[in-house]
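One structure below.
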There are 2 protein chains.
Amino acid sequence: MQIGELAKQAGCPVETVRYYEREGLLHAAVRNESNNYRQYNLSHLDRLTFIRRCRSLDMTHGEIWALLDARQQPDASCESINELIDTHLLHVQARMTELRALEGQLIDLRSQCHAARATRDCGILRELDHPGDTAWRSPALTHSHVSGSHSSSDAHNHGEKQK
Amino acid sequence: MQIGELAKQAGCPVETVRYYEREGLLHAAVRNESNNYRQYNLSHLDRLTFIRRCRSLDMTHGEIWALLDARQQPDASCESINELIDTHLLHVQARMTELRALEGQLIDLRSQCHAARATRDCGILRELDHPGDTAWRSPALTHSHVSGSHSSSDAHNHGEKQK
DNA sequence: GAACACCCTAAAGTAACTACAGGGTCAAGC
DNA sequence: GCTTGACCCTGTAGTTACTTTAGGGTGTTC
Ligand SMILES: [Zn+2]
Ligand SMILES: [Zn+2]
Ligand SMILES: [Zn+2]
Ligand SMILES: [Zn+2]
């Protein structure tokens, strides 16, 4: 199996497979001697699929490493695995709590302006400009990874010409 | 006011202020001629505080640019501001929906192993290894930025010695 | 004049990819 | 034999919003 087929089976881009190999997450494939193409077998596909399932649960590479390591020691206790899942569940829940708080603040903010008026009278800007009575404290820091709410394809250019 | 005082008033690190200036979000400060230190006034503090409030709502720099731009035109309609907040609220809600789905999957996964047993018998690994009947599809892509659940301080090293 | 808090710049690191530049390999069709 | 197109390779840079590090100047105090 070459890299395109492996990636297709695992449902991820080819570049991601090469990236995982560089990171060591995926074992380096044997190369075809004549053309230097990577050759994969089913155990590679197994491992890659495992990794992608963990990523779809938003685990970090560090968390995935820990699971892969644990898997290498079938005789050890699985306690650390159970704990890792618990901890990661807390990561996700912590972030949800933050986002719920943000949602509330944004709904409050939005309620400051319903009609379209002149910008100078917009209640939203007014509220952003002066703290007001709503709690403007930044959300208490959590031990969560899992951050953000914006897709990477959001363009962030400002007054610059597009190509 | 020099940079340390400004940062303290706004509740953010000094480096972040310099970073915003490089990005253009914050206007470049006048420099003290003798020592080249940045000198700020209250309008800088206003703008920085505005930016930080938007960031605490998890807006991107692009979204903040749009608000800052709109604020420059007090006579225009504030419709775009209202829409921006609506859209960003959708970003946050979309991410919450994703995280709720993740939470459900993780709870399912965790339920596969309650006692600490040998790793070879761990129901969690078993489930991660073979798709099982639970829906393993990656969460439908949203138009959200706001991603992740892990804090940046999570260490992600594996078998490497610490310094 | 030494300690210490403060300021400066430029460059690299973070997480997990994604994209690009520049080029080799292979099968099919003309 | 040559072109077209799909596939593969390497290496590097870009993404987001910062943070960290290296290396060095400034200002006040003891
Ligand atoms: Zn986690
Ligand atoms: Zn308005
Ligand atoms: Zn947004
Ligand atoms: Zn277990």
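Order of the sequence lines sets the chain letters (A, B, ...), proteins ahead of strands, with each chain counted from 1.
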Dump every N/O contact between nucleotides 1-8 of chain D and the protein below 3.5 Å, one line per pair.
residue, atom, partner, partner atom, Å
D:dC8, OP1, A:Gly4, N, 2.7

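The list of ring pair (Phe, Tyr, Trp, His ring centres under 6.0 Å) pairs with a residue in residues 99-127 of chain A, not counting sequence neighbours, is empty. For residues 6-17 of chain B, every residue pair satisfying the side-chain hydrogen bond (donor to acceptor under 3.5 Å, both in side chains) rule, not counting sequence neighbours, is listed here: B:Glu5-B:Gln9.
Ring pair A:His61/A:Tyr20 is perpendicular by interplanar angle, where above 60° counts as perpendicular and below 30° as parallel.
A continuous path of Ile, Leu, Val, Met, Phe, Trp and Tyr side chains, each step under 4.5 Å between heavy atoms, connects B:Val92 with A:Ile107, placing both in one hydrophobic cluster.
Here the C1' atom of nucleotide C:dA15 and the CD1 atom of A:Ile64 are 12 Å apart, to the nearest Å. As a whole-Å value, the separation of A:Asp58 CG from C:dA15 C1' is 11 Å. Rounded to whole angstrom, the span from the CE atom of B:Met1 across to the C1' atom of C:dC6 amounts to 16 Å. Atom CZ of B:Arg22 and atom C1' of D:dA17 are 11 Å apart (whole Å). The distance from atom OH of B:Tyr40 to atom P of C:dC7 is 10 Å, rounded to the nearest whole Å. Remark: P of D:dG11 and OH of A:Tyr19 are 17 Å apart, rounded to the nearest angstrom. Regarding B:Leu48, its CG atom lies at a distance of 16 Å from the P atom of D:dA17, rounded to whole Å. Protein atom CG of A:Leu57 is 16 Å distant from nucleotide atom C1' of C:dA16, rounded to whole Å.
Take A:Arg47 and apply the side chain to side chain donor-acceptor pair (under 3.5 Å) test, not counting sequence neighbours, and it matches no residue.
Between B:Asn32 and B:Arg55, it is B:Arg55 whose nearest contact on DNA chain D lies nearer the 5' terminus. Checking A:Glu15 against A:Asn35, the closest nucleotide of DNA chain C that is more toward the 5' end is the one next to A:Glu15.
A side-chain N or O of A:Glu63 and one of A:His91 form a donor-acceptor pair less than 3.5 Å apart.
For A:Thr60, the listed nucleotide lying nearest its side chain is C:dA16; candidates were C:dT18, D:dT19, C:dA16.
Over its length, the helix from C:dG1-D:dC30 to C:dC30-D:dG1 turns its helix axis by 30°, as judged from the five terminal pairs at each end, rounded to 10°.
OP1 or OP2 of D:dG27 sits under 4.0 Å from a side-chain N or O of B:Ser34. Listed pair A:Thr16 / C:dA16 fails the phosphate criterion, with no side-chain N or O lying under 4.0 Å from OP1 or OP2. Checking the phosphate oxygens (OP1, OP2) of C:dA16, no side-chain nitrogen or oxygen of A:Tyr20 falls inside 4.0 Å.
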Please list, one pair per line, the donor and acceptor atoms closer than 3.5 Å that link side chains of residues 72-79 of chain A to other protein atoms, with sequence neighbours excluded.
residue, atom, partner, partner atom, Å
A:Asp75, OD1, B:Arg120, NH2, 2.2
A:Ser77, OG, A:Glu79, N, 3.0

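The shortest heavy-atom contact between A:Cys122 and B:Asn82 is SG-OD1, 3.7 Å.
Under a cutoff of 6.0 Å and an axis angle of 45°, A:Arg71 and A:Phe50 form a cation-pi pair.
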